[in-house]
*Asks:* 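Okay, handing you the structure first.
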Amino acid sequence: MSHTDVQAAITDVHRAEWARVVAALVRRFGDLDLAEEAAAEAFAAAVERWPADGLPPNPGAWLTLTATRMAIDRIRREAKRDGKQREARMLQDDTASEAVGVVEDERLRLIFTCCHPALAMPSRVALTLRMVGGLTVAEIARVFLVRETAMGQRITRAKAKIKAARIPCRVPSAEDLPARVGGVLAVLFLVFNEGYLATGPDSDPLRGDLTAEAIRLTRLLGALLPADGEVTGLLALMLLTEARRPARLSASGELVALDEQDRGRWDGDLITEGHRLVRGRLAAAAAGIAPGRYQILAAINAVHTSARDIRDTDWSQVVALYDQLVGLDRSPIIVLNRAIAVAELDGPQVALAAVDRLADVLAGYHAYHATRADLLRRLGRVPESRAAYSKAIDLAGNTAEIAHLTRRRDDLR
Amino acid sequence: MQYLVSVIHDSRDPSSVEAEAAEQAAIDVFNARLQDEGHWVFAGGLGVPDNATVIDNRGGDAVVTDGPFVESKEFLVGFWIIDAPDLDVALRLGAEGSKACNRKIEVRPFL
């Protein structure tokens, strides 16, 4: 195996095994900090030794065993320094061999701990990307455009709270499970959305690294909770959204709206997989299991990705799905998106009336003004449209979206 | 593991006699449950902050000041100390306590 092959293999093993190694150590030692550091040391040891020694037959087992030894060494060193003997119990309980090829739900427990509602949302996202996703602190800092030291402190604070307040590392009880799964999905959706349309001007407008990471973690959650329709729904939503990414950015770096995208560039494999997942959820809905918001959003995206072009889209189906969604969640952003579909079905005048009713709550949201601008443009109300585009451009942060809105404004006649 | 459940009063409106009686009845039910299930350590209600006295004896000469150490619209009106195996249990009890006393609460671990 060449040096490059070993490097690539280590990268693959890191993706596949990181969460498993961390989760096994958390279960064994009950300490996130220790688990994370020992796992990082074990991977560093792999980088050092595997190119010379070759890959071990079971890389995951090698890593878990190495990390466990490193954790024990660390506990011994600290015990010696503190002059205490409290480590005795941990060291006698030798479950390292059992921790190999472990039950899947260790990672699930870790996910629920990282996404605990007693942690602030940014901490949940950062901790999940670090402990489950295996991203480095520097990589996570780049995601949020904050300094590495600030991100390091945020993660350290979150780990300290988990320890001090005794946030448990376990799958929540049946009564809490739906709400807690919802919390995990919110974290994954946030990561995905930042990749789908980066909020700030200082990063690439579309972040394939983040959408890929969100999809990977959602797949993992789906494998751990196969019966949860909302996890499947979110995965389908992400796949059907990600499928359009190749067509969402023009050669000049401008965001391309759905109606102008070259649908031939959509990723057919992702669409096939997403449609298959949506069909599975439709069958469940037909059997009487009411779909949640992610499943409905996935179904809306399935309608879009089934159409050959924008005119071929089944807009009455899209509006009906939005009606169902509004029944679950009357958030103004959902009402806004419904209005965009209404414009295709009942015309821009009807849609504009619905959008204008959101003025109070969405005045600071760029998409509200961009939607109004587009509807006003279609109604021939040029000066009002231009003003709305300008307002949207002022509020937008994504460079590709600003380029798109600017062209639309400059094209007004 | 012990947690302090602080009861935070954040309204200037005096509550009616009926409302207070209903709150006290609900708190009694909640307290009985804490005791039955082995979570009870201690609980108490506090007088208004206006009746507090601050003492600073760090300099050797005890300085006594009338009133609370910090003026705030929100203040502590009572607390529970509960025993719970982890934060999930403490938060579930805290949520029920908040409903019983009709106020927001803060759950904080002891060292």
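Predicted model only: the values in this text are computed from it and were never measured.
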*Asks:* Other residues, nucleotides and ligands only: do more than 12 of their heavy atoms fall within 6.0 Å of CG on B:Asp36?
*Replies:*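 Result for CG/B:Asp36: enclosed.
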*Asks:* With rounding to the nearest 0.5 Å, note down the distance linking CG in B:Asp86 to CD1 in A:Ile162.
*Replies:*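 Rounded to the nearest 0.5 Å, the CG-CD1 separation comes to 12.5 Å.
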*Asks:* Is it the case that over 12 heavy atoms from other parts of the model lie below 6.0 angstrom from the CZ atom of B:Phe110?
*Replies:*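 Yes, because the 6.0 Å sphere around CZ of B:Phe110 holds more than 12 heavy atoms from other groups.
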*Asks:* Minimum heavy-atom separation for A:Ala165 to B:Pro109, with atom names?
*Replies:*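 That closest heavy-atom pairing would be CA-CG, 3.6 Å.
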*Asks:* Out of A:Ser173, A:Ala164, A:Pro172, return the one with the most heavy atom pairs under 4.5 angstrom to chain B.
*Replies:*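 So the answer, after comparing A:Ser173, A:Ala164, A:Pro172, is A:Ala164.
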*Asks:* If you round to the nearest 0.5 Å, how far is CG of B:Asp88 from CZ of A:Arg166?
*Replies:*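 It comes to 12.5 Å.
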*Asks:* Does B:Asn57 CG have over 12 foreign heavy atoms under 6.0 Å away?
*Replies:*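 Atom CG in B:Asn57 is crowded, with more than 12 foreign heavy atoms closer than 6.0 Å.
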*Asks:* Less than 4.5 Å to any heavy atom of chain A: does that hold for the side chain of B:Arg92, its backbone, both, or neither?
*Replies:*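 Only the side chain of B:Arg92 comes within 4.5 Å of chain A.
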